[in-house]
Amino acid sequence: MAVKGLGKIDQQYDGSKLRIGIIHARWNRSVIDALVNGAIERMKSLGVKEENIIVETVPGSYELPYGTKRFVEKQKKAGQPLDAVIPIGVLIKGSTMHFEYISDSVTHALMNLQDKIHLPVIFGLLTCMTEEQALARAGIDEHHTMHNHGEDWGACAAEMAVKFGPDA
């Protein structure tokens with residue numbers, strides 16, 4: 001059974017005037033690349049211009065909250081503010097408690113960041129028990145058992161920016 005994500009959007013969104021940022025970790029690169037590409041393609045299908053999708057990187061998922069905050073601030077300071085931002089990371093359970101600590105910390109920090117930067121922050125953190133789960137959620141496992149969650153995040157960013165972004 002293929003698990004579907006966001007589902008049908010509630011209305012047609014015009015993303016032609018939006019500037020959306022993606023900031024991603026560099027760990028688990030093949031999964032990250034698929035998720036980022038899925039988000040970009042989905043936003044483009046909703047009218048977001050490719051030149052208005054700004055991509056930045058940080059070393060790992062733990063760096064996403066601070067990196068996201070500074071990324072948004074830098075764009076605003078440069079006179080090119082964002083309407084939404086998608087932090088993307090992939091955490092895969094290992095044999096220690098590291099996964100639990102990082103997953104919990106990053107999740108809470110990203111959730112709380114929205115109120116600090118007054119901007120939609122889309123939750124683009126995969127927290128998977130196995131590498132196979134991560135590949136499936138990026139839509140790149142051998143049997144294509146799931147869809148690319150990056151597509152959901154791209155649609156979510158466009159919707160949230162139109163409905164609740166700084167210029168909404």
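Worth knowing before you read on, the calculation uses all heavy atoms, side chains too, and leaves out hydrogens, waters and symmetry mates.
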Novice: Will you find, in the side chains of H147 and D152, an N or O donor that is under 3.5 Å from an N or O acceptor?
Specialist: yes
Novice: Compare all side-chain heavy atoms of T127 with those of F99 and state whether any distance is below 4.5 angstrom.
Specialist: yes
Novice: Are there more than 12 heavy atoms of other residues, nucleotides or ligands under 6.0 Å from atom CD of E142?
Specialist: no
Novice: Are V106 and F123 connected in a single hydrophobic cluster, I mean Ile/Leu/Val/Met/Phe/Trp/Tyr linked by side-chain heavy atoms less than 4.5 Å apart?
Specialist: yes
Novice: So, taking the atom named CD1 in I53 and the one named NZ in K49, what distance separates them when rounded to the nearest 0.5 Å?
Specialist: 11.5 Å
Novice: Find out whether I23 and V58 are in side-chain contact, i.e. whether some heavy atom of one side chain is under 4.5 Å from a heavy atom of the other.
Specialist: yes
Novice: Are the side chains of E159 and F164 in touch, meaning some heavy atoms are under 4.5 Å apart?
Specialist: no
Novice: Are I86 and L64 connected, step by step, through hydrophobic side chains (Ile, Leu, Val, Met, Phe, Trp, Tyr) whose heavy atoms are closer than 4.5 Å?
Specialist: no
Novice: I need the minimum non-hydrogen distance between L125 and V90, along with the two atoms involved.
Specialist: CD1-N, 4.2 Å
Novice: Answer with yes or no whether the hydrophobic clustering places V85 together with V55; edges join I, L, V, M, F, W, Y residues whose side-chain heavy atoms lie under 4.5 Å apart.
Specialist: no
Novice: To check you understand the geometry: which heavy-atom pair defines the closest contact between N148 and A34, and what is its length?
Specialist: ND2-O, 2.8 Å
Novice: Rounded to the nearest 0.5 Å, what separates atom CZ in F71 from atom CD1 in I22?
Specialist: 8.5 Å
Novice: Going from OG1 on T145 to CD on E132, what distance comes out if it is rounded to the nearest 0.5 angstrom?
Specialist: 10.5 Å
Novice: Does a side chain donor of either N112 or H108 reach within less than 3.5 Å of an acceptor in the other side chain?
Specialist: no
Novice: Applying side chain to side chain donor-acceptor pair (under 3.5 Å), which residue pairs with at least one partner in residues 88-99 are found, sequence neighbours left out?
Specialist: K93-E100
Novice: Rounded to the nearest 0.5 Å, how far does CG of L126 lie from CD1 of I32?
Specialist: 7.5 Å
Novice: Tell me whether M129 shares a hydrophobic cluster with I102, the cluster being built from Ile, Leu, Val, Met, Phe, Trp, Tyr side chains joined at under 4.5 Å.
Specialist: yes
Novice: Could you tell me which non-hydrogen atom of A161 sits nearest to which non-hydrogen atom of L18, and how far apart they are?
Specialist: CB-CD2, 3.8 Å
Novice: Within this structure, what is the CE-CG distance for the pair M160 and L119, rounded to the nearest 0.5 Å?
Specialist: 9.5 Å
Novice: Do Q11 and V162 touch side chain to side chain, with heavy atoms closer than 4.5 Å?
Specialist: no
Novice: Looking at R137 and C128, what are the two nearest heavy atoms and their distance?
Specialist: CD-SG, 3.9 Å
Novice: Nearest 0.5 Å, what's the CG-CD distance between N37 and E151?
Specialist: 10.5 Å
Novice: So which heavy atom on L46 is nearest to which on Q12, and how close?
Specialist: CD2-NE2, 4.1 Å
Novice: Any pair with a residue in residues 74-86 that passes side chain to side chain donor-acceptor pair (under 3.5 Å), sequence neighbours left out, goes on the list, sorted by first then second residue, please.
Specialist: R19-Q75
Novice: Side chain to side chain donor-acceptor pair (under 3.5 Å): which pairs involve residues 54-68, sequence neighbours left out?
Specialist: R26-T57
Novice: Tell me the closest heavy-atom pair linking L35 and A138, and the distance in Å.
Specialist: CD2-CA, 3.8 Å
Novice: Side-chain heavy atoms nearer than 4.5 Å, only ILVMFWY residues, links allowed to pass through others: does that put L135 and I92 together?
Specialist: yes
